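Notes to accompany the following structure.
Small disclaimer: the values here were computed from a predicted structure and weren't measured.
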Amino acid sequence: MINLVQQTLENLFTEYINSKNIFLKKDALSLNYTPENVSYREEQMKQLGSVLAPILKNNKPSNVFIYGITGTGKTLVTKHVIDQLKKIANLNNVEITTLYVNCKMKRVADTEYRLLAYILSLFDVHVPPTGLPTESIYKIFFDTLKNHKEIIILTLDEIDALVDKIGDEFLYNLTRMNQYNEGNIVIVGISNNLTFTEKLDSRVKSSLCDEELVFSPYNATQLKNILSDRAKVAFCEGILRDGVIAKCAALAAQEHGDARRALNLLRVSGEIAERDQDFYVDEKHVDFAQSKINLDYIMEAVKVQPKQSKVVLYSIIKLLEKEGKPYIYTGDVFSYYDNLCKSVGLKPLTTRRVSDLISELEMLSIIETKVISRGRHGRTRVLNMSVSDSVVVKIRTFLKEEFLI
DNA sequence: CATCCACCGGAAATAGGGGGGC
DNA sequence: GCCCCCCTATTTCCGGTGGATG
């Protein structure tokens, strides 16, 4: 028995080492990779560069706002420009501090308090995760800033998500502090939402949006060229079959020209080819990659849900199965959920809260809902899964194991 | 064509977990 | 320790509503 395992392992490894390499430098396809030159974004880089340049002479530049949907190179360009700036600053002995915060990080920077606590932690100042009045956090924050004479560039990525959640007051506070405390902080706000500024208070708007940069989505041709450039670095020669890059580009272009998606797709395609020990990457691998990425995304989202949310999702899946209908109503879900909680010994949440949890599941595109009226039978939401059956089965299996139901 | 269902979803209140000050 | 304060998650409260139904 052991010998057999030994044998297969040996085969596996031998085959692996003899197989042709797919990747030359896989990093080139990762999201953190900063390519030599950023295609189609020269204009934006120049703009951002000239806005931030005064730092090099110790003048505080204007705040900047950057708009554009996901995967249009906002983060990449910003990081690239700031890196260069830092490099030149170092060479000329100008001290600057740069901070990058992704506001969407759950439980890290998704409330005013947590955002400040997180920024402070970047300064190596640690505050309790809860308990203090926000005001005293501000005080600590200001005091910390006072200890820094150099100019600080604070990049707030996905800032629209944060403002949606907690309002724009913190932005107001940041800018106000800037005005009165001879502030030395420059805010670079990055938003995926094009109409973001409309939601801002006009005072905030005027001081934060001194400079605006717009990133438009890449079209399929541009995506194709971007992918080609990266693929040349990332893959061994002759590995990519014709049409692979075009397919990745086309699929991503459908998703509003998201370059991040396209790169992911290409990378995962290669990984699948590698795993299957194929000598090439072709369009079939791209198809597999597409569904694998989707599956991974959904499963990850499911795994990190709070327990209650998982129970709600499980109820929806079980109920859909039981009813055999392609849709169900909120009320049914709630009573099923209620029973389930009792049998698992979990305290059920109220309908109001469950309703919110359902909305969150929809936001994650795990389920789909639609408010309809059933006349005398009232107004409710119809819900169904928005993932394929095979994914549903995987989710169900996962949840079942987790609850031991 | 008025009625009324069964839930939607905003807003305010409350619980619960934590913190500082004295 | 006690007291009071804060933040976040959840509950409570409730006005609102599209359209089948009588």
Side-chain angles (χ1 to χ4, degrees), chain A residues 101-121 125-144 158-159 161-174 198-199 201 301-316 319-320 323 325-342 344-386:
Chain A
V101 181
N102 186 325
C103 304
K104 228 180 176 171
M105 287 192 287
K106 279 248 149 104
R107 319 211 157 258
V108 174
D110 56 356
T111 70
E112 187 173 15
Y113 188 102
R114 286 177 191 158
L115 173 70
L116 289 169
Y118 179 70
I119 297 174
L120 281 170
S121 77
V125 177
H126 294 279
V127 293
T130 170
L132 295 183
T134 308
E135 213 174 314
S136 43
I137 292 287
Y138 268 110
K139 177 135 189 357
I140 299 172
F141 184 62
F142 292 151
D143 289 347
T144 308
E158 315 220 34
I159 195 171
L162 187 58
V163 170
D164 270 347
K165 218 170 159 189
I166 64 170
D168 57 5
E169 213 163 317
F170 73 100
L171 283 175
Y172 177 62
N173 290 333
L174 283 181
E198 287 168 17
K199 283 179 284 188
D201 184 297
V302 170
K303 278 177 195 165
V304 301
Q305 287 307 299
K307 192 156 205 161
Q308 292 284 4
S309 201
K310 285 176 179 164
V311 179
V312 171
L313 180 57
Y314 190 73
S315 304
I316 294 170
L319 206 53
L320 278 166
E323 298 282 311
K325 283 183 289 187
Y327 57 86
I328 47 178
Y329 303 114
T330 312
D332 307 332
V333 173
F334 184 75
S335 41
Y336 194 98
Y337 158 83
D338 207 46
N339 284 327
L340 195 56
C341 279
K342 277 168 193 153
V344 193
L346 199 64
K347 188 173 167 262
L349 298 171
T350 51
T351 48
R352 183 66 188 82
R353 182 67 186 132
V354 170
S355 178
D356 278 348
L357 292 181
I358 289 174
S359 303
E360 280 169 32
L361 290 173
E362 180 179 25
M363 296 282 268
L364 295 166
S365 49
I366 297 173
I367 64 172
E368 277 169 16
T369 81
K370 192 175 159 203
V371 178
I372 58 144
S373 172
R374 294 197 297 149
R376 273 278 153 90
H377 299 291
R379 235 155 98 77
T380 182
R381 275 186 290 190
V382 284
L383 23 164
N384 55 60
M385 302 301 293
S386 69

Which nucleotide, [options], lies nearest any side-chain atom of [X]?
| X | options | value |
| --- | --- | --- |
| A:Leu349 | C:dT8, C:dT10, B:dC8 | C:dT10 |
| A:Thr380 | C:dC7, C:dC6, B:dC7 | B:dC7 |
| A:Arg379 | B:dA6, C:dT8, C:dT11 | B:dA6 |

In whole angstrom, give the distance that lies between atom [atom1] of [X] and atom [atom2] of [N].
| X | N | atom1 | atom2 | result |
| --- | --- | --- | --- | --- |
| A:Phe334 | C:dT10 | CZ | P | 14 Å |
| A:Asp356 | C:dT8 | CG | C1' | 14 Å |
| A:Lys307 | C:dT10 | NZ | P | 14 Å |
| A:Leu357 | C:dT10 | CG | P | 7 Å |
| A:Arg353 | C:dC13 | CZ | P | 18 Å |
| A:Ile137 | C:dC7 | CD1 | P | 9 Å |
| A:Arg381 | C:dT17 | CZ | C1' | 15 Å |
| A:Lys370 | B:dG9 | NZ | P | 14 Å |

Beyond-backbone contact of [X] with [Y], side-chain heavy atoms, under 4.5 angstrom:
| X | Y | value |
| --- | --- | --- |
| A:Leu364 | A:Gln305 | yes |
| A:Glu368 | A:Leu383 | no |
| A:Leu120 | A:Phe141 | yes |
| A:Val371 | A:Thr380 | no |
| A:Ser309 | A:Leu357 | yes |
| A:Phe170 | A:Val163 | yes |

Donor-acceptor side-chain pairing of A:Glu362 and A:Thr369 below 3.5 angstrom: yes
Polar pairs (N or O, both sides) under 3.5 Å between protein and nucleotides 19-22 of chain C?
from: C:dG19; atom 1: O4'; to: A:Ser373; atom 2: OG; distance (Å): 3.2
from: C:dG19; atom 1: N2; to: A:Gly375; atom 2: O; distance (Å): 3.4
from: C:dT21; atom 1: O2; to: A:Arg376; atom 2: NH2; distance (Å): 3.3

With A:Pro348, the side chain to side chain contact (heavy atoms under 4.5 Å, CB included) member among A:Asp338, A:Val354, A:Asn339: A:Asp338
Cation-pi geometry met for A:Arg374 and A:Tyr329 (6.0 Å, 45°):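 Satisfied, under 6.0 Å and within 45°.
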base_contact_polar (C:dT11 base, A:Arg352 side chain, donor-acceptor, <3.5 Å):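 Side chain to base: no pair present.
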Check nucleotides 16-22 of chain B against the protein and report each pair of N or O atoms closer than 3.5 Å, with its distance, or say if there are none.
from: B:dG18; atom 1: N2; to: A:Gly131; atom 2: O; distance (Å): 3.4

Under-4.0 Å side-chain N/O to phosphate OP1/OP2 contact, A:Thr330 with B:dC8: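 Checking B:dC8 against A:Thr330, a side-chain N or O does come within under 4.0 Å of OP1 or OP2.
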